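What follows is a set of notes on a single structure, which appears directly below.
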Amino acid sequence: MRDTLYQALLAEKRVKVPFARLKQLVIGLDGAMRLAPDLDDQVTRLAQAMAVDGQVVLPSLNSRNSWSGPRRTWPNFISVPANKRKATCKPNYYHFHQKILPLLTGPNALPKSCKILEKLEKISQWLARQDGYEIVPAPLAERSLEIFGYEKALKATGSNGVVYDTGDHQLTLTDLGAFYVAPPLAWESPFAEPREAGERPLLVVENSTPYYSLTRWNRQAKAYACIVYGSGKQVEASLPQQSELLDKFPRAELRYYGDIDPEGVAIYQGTAKAMQQFNQRELVPDLSLYQALLDVGKGSPRDFKAKMFDLVGLHAQFGENIATHFEELFAKEQRISQEHLGLFVLNSLYLEGLE
């Protein structure tokens with residue numbers, strides 16, 4: 001029965017076979033099974049035996065939605081690995097542009113999957129059309145739409161905008177005349193004219209609720225020339241591109257304020273590094289806000305993500321006193337969120353400023 005059933009499953013040419021269809025195949029091979037009161041149990045045992053031989057694959061036991069029955073012992077489906085279609089792409093390398101060809105040759109060449117080859121073919125055709133002409137730079141989404149007909153097809157990683165990398169050769173956004181446009185950052189200033197802010201600092205805040213509270217507090221306290229919503233990790237890409245905003249307050253020291261946890265520190269350090277790479281103004285932590293947060297906040301336990309930050313840089317950037325408090329908190333696997341320094345606390349204790 002087992003081998004005959006396996007041949008019937010191969011004839012189905014389906015990778016995923018519903019349990020109901022599996023029972024139909026079993027009954028088709030042995031009509032007496034139709035009257036068996038424990039048909040589901042018998043078919044399940046048959047599938048389990050075939051799984052041991054590697055003929056079929058059962059769903060994960062951890063997936064409750066993939067099993068049914070009184071004790072969830074009947075699989076809702078089985079998989080037949082032999083029915084998976086194999087890729088049949090046979091690339092003609094001579095079609096590819098000179099900037100693409102090195103990605104497909106050599107010991108570290110990219111995998112020859114249909115998906116990758118189709119993308120490289122479209123990029124190659126687009127590059128060929130640009131030969132002899134100057135490539136006019138365009139935003140990433142617009143260039144992606146031009147090449148692929150879909151604005152999200154083109155992806156890149158790292159500060160260099162790497163699209164593909166074999167170790168020996170890279171294709172970057174620069175090769176395609178594309179550049180990343182980071183989302184704009186919301187900001188608010190209590191001053192009608194930027195010149196009225198004088199030399200007050202400009203503050204970047206990690207999260208939305210603290211941004212709400214600090215901007216409303218700052219309308220009366222006027223401690224900051226401007227407060228910017230960093231939008232979490234997005235600030236690393238967005239802040240270096242906010243030249244227009246920074247130019248409004250040319251004398252303002254640029255400060256950052258985030259959660260006291262490893263992720264918050266890493267976001268600050270990553271953003272400070274990005275500002276250096278773009279030759280923008282130095283970003284420093286707002287020590288007065290961090291000290292106030294340590295004073296009024298209470299550490300709470302948290303399962304930390306495996307988020308790395310520069311420990312040596314922590315002491316250099318935040319100073320020994322605050323950095324030591326951070327380390328003691330992290331050693332206990334605790335954090336302090338920005339929300340501890342809320343609007344009520346700001347208005348009650350710090351109406352005249354934080355210094």
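When a residue number appears, it is its place in the shown sequence, counting from 1. These figures come from a predicted structure and were not determined experimentally.
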Tell me, do L246 and M275 make a side-chain contact under 4.5 Å, heavy atoms counted?
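A side-chain contact exists here, since the closest heavy-atom pair is under 4.5 Å.
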For atom [atom1] of [X], is the number of surrounding heavy atoms from other residues, nucleotides or ligands below 6.0 Å larger than 12?
X    : atom1 : result
R219 : CZ    : yes
N65  : CG    : no
Y212 : OH    : no
K23  : NZ    : yes

For the side chain of [X] and the backbone of [Y], is there at least one donor-acceptor N/O pair under 3.5 Å apart?
X    : Y    : answer
N218 : Y224 : yes
S144 : L140 : no
Q130 : I135 : no

To the nearest 0.5 Å, what is the distance between [atom1] on [X] and [atom2] on [Y]?
X    : Y    : atom1 : atom2 : answer
L39  : W74  : CG    : CH2   : 9.0 Å
L283 : L239 : CG    : CG    : 6.5 Å
M50  : L9   : CE    : CG    : 5.0 Å
L58  : I78  : CG    : CD1   : 7.5 Å

Which residues pass the side-chain hydrogen bond (donor to acceptor under 3.5 Å, both in side chains) test with S208, not counting sequence neighbours?
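Checked S208 against side-chain hydrogen bond (donor to acceptor under 3.5 Å, both in side chains); zero matches.
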State whether a side-chain donor-acceptor pair under 3.5 Å links [X] with [Y].
X    : Y    : value
D295 : Q291 : yes
D53  : Y6   : no
N207 : Q338 : yes
H315 : E327 : yes

What orientation do F326 and Y290 show, parallel under 30°, tilted 30 to 60°, or perpendicular over 60°?
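Rings of F326 and Y290: perpendicular, over 60°.
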Determine, using ring centers only, whether Y268 and F318 are less than 6.0 Å apart.
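F318 vs Y268: aromatic centres under 6.0 Å.
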Residue list, side-chain contact (heavy atoms from CB on, under 4.5 Å) with E12, at least two apart or on another chain:
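Checked E12 against side-chain contact (heavy atoms from CB on, under 4.5 Å); matches are R14, R21, L25.
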List the atom of D175, the atom of L127, and the distance in Å for their closest heavy-atom pair.
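Scanning both residues, the minimum pair turns out to be O-CD2, 3.9 Å.
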Would a hydrophobic clustering, with Ile, Leu, Val, Met, Phe, Trp and Tyr connected at side-chain separations under 4.5 Å, put F19 with V15?
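Unlinked, F19 and V15 end up in two clusters.
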